[in-house]
Amino acid sequence: MDKNGTMTIDWNEWRDYHLLHPVENIPEIILYWKHSTIFDVGENLTVPDEFTIEERQTGMWWRHLVAGGGAGAVSRTCTAPLDRLKVLMQVHASRSNNMCIVGGFSQMIREGGTRSLWRGNGINVLKIAPESAIKFMAYEQIKRFIGTDQEVLRIHERLVAGSLAGVIAQSSIYPMEVLKTRMALRKTGQYTGMLDCAKNILAKEGLGAFYKGYIPNMLGIIPYAGIDLAVYETLKNSWLQRYAVNSADPGVFVLLACGTMSSTCGQLASYPLALVRTRMQAQASIEGAPEVTMRGLFRHILKTEGAFGLYRGLAPNFMKVIPAVSISYVVYENLKMTLGVRSR
């Protein structure tokens with residue numbers, strides 16, 4: 001519809017589109033787009049879903065959130081071995097210990113059996129609900145604070161509101177992020193469970209340990225949010241302008257491709273910050289590891305491992321994107337049907 005690429009629709013574009021491409025139900029198309037642009041790949045989702053007045057009144061909004069949370073839990077559980085391998089490579093891999101994917105899996109299975117591949121997944125799934133709820137509530141409040149009375153925000157307002165909501169949600173559940181990293185790195189028999197892990201950290205390191213790596217984590221939201229959203233919008237609009245001749249429905253594969261590419265670009269930009277965050281979270285769990293700042297850790301990695309050292313664990317991280325997005329999409333659509341979610 002937006003022929004000149006201005007991200008706004010003028011009267012002539014609106015009129016010409018509907019004269020040349022008549023459709024039976026415009027609200028169906030709009031709602032399909034709104035709820036098909038966000039997939040859970042186990043990272044910080046930056047832009048929460050938006051809901052119409054009708055969806056709020058009929059209670060469809062909470063069904064969408066439940067479906068999204070369920071899809072996230074299933075996709076994270078299915079890709080948890082790759083996620084744990086990524087954490088191990090981020091923390092332990094170096095020039096002298098060049099951990100590969102096959103070797104990493106073999107090491108995990110030798111140390112703790114097949115079940116050890118899912119260490120840290122329990123808390124990774126548990127934090128979905130509070131993070132989603134806080135992010136959704138924060139997003140709604142920030143939209144009101146911005147002062148817009150529009151039902152759908154403009155692109156820059158959406159980016160600002162989504163990023164701020166992500167920061168608030170992450171700040172609230174960040175101790176769970178630290179616990180997830182420690183649980184993923186733990187050795188067999190080290191902790192009896194999540195509560196035991198939390199007690200040990202509190203007793204030995206104090207309350208401040210639960211916010212180690214907080215600054216790089218917050219800084220990582222900004223490039224991930226901006227690039228992920230910008231790339232997604234660009235790819236989606238390019239496809240529509242070139243190929244959407246007979247239908248405004250992009251189809252599953254186009255949405256998956258756009259979501260995968262945008263997520264990949266966002267992760268590439270923010271990955272060094274994610275690696276530094278994970279190493280800071282894991283500092284006390286490594287014997288003899290000194291306390292270092294974010295800047296000091298960046299310098300140390302660049303000096304000892306070079307720029308490549310900032311991308312340790314990138315391979316398993318990318319390997320999980322396509323299955324995570326695919327599983328998330330399939331489960332999300334099936335849960336929506338089960339919960340009786342309808343577009344209108």
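- The shortest non-hydrogen separation linking A71 to S328 is CB-O, 3.4 Å.
- Residues Y271 and L310 fail the side-chain proximity criterion, which asks for heavy atoms closer than 4.5 Å.
- Side-chain contact of Y214 with S171: a donor-acceptor pair under 3.5 Å is present, judged by distance alone.
- Taking 4.5 Å as the limit, some side-chain heavy atom of P316 sits within range of a side-chain heavy atom of M89.
- Across E131 and Q170, no two heavy atoms sit closer than the pair OE2-NE2, 2.8 Å.
- Taking 4.5 Å as the limit, some side-chain heavy atom of I301 sits within range of a side-chain heavy atom of R279.
- Taking each heavy atom of A73 and I128 in turn, the nearest pair found is N-CD1, 3.4 Å.
- Side-chain contact between K212 and R277: absent, with no pair of heavy atoms (C-beta onward) separated by less than 4.5 Å.
- Ion pairing between E177 and K180 fails under the 4.0 Å rule for side-chain N and carboxylate O.
- Although no hydrogens or angles enter the test, the distance criterion places a donor-acceptor pair under 3.5 Å between the side chain of T293 and the main chain of G296.
- When only modelled atom types and interatomic distance are considered, S116 and E111 share no side-chain donor-acceptor pair under 3.5 Å.
- Side-chain contact, R119 with T188: a donor N or O sits under 3.5 Å from an acceptor N or O.
- In this structure, the separation between CG on L273 and CZ on F298 is 4.5 Å, given to the nearest 0.5 Å.
- In summary, the aromatic rings of Y174 and F210 are positioned with their centroids too far apart to meet the 6.0 Å limit.
- A donor-acceptor contact shorter than 3.5 Å links the side chain of N334 to the backbone of V330.
- At a threshold of 4.0 Å, the pair R76-D83 does not count as salt-bridged, since none of the basic side-chain nitrogens sits closer than that to a carboxylate oxygen.
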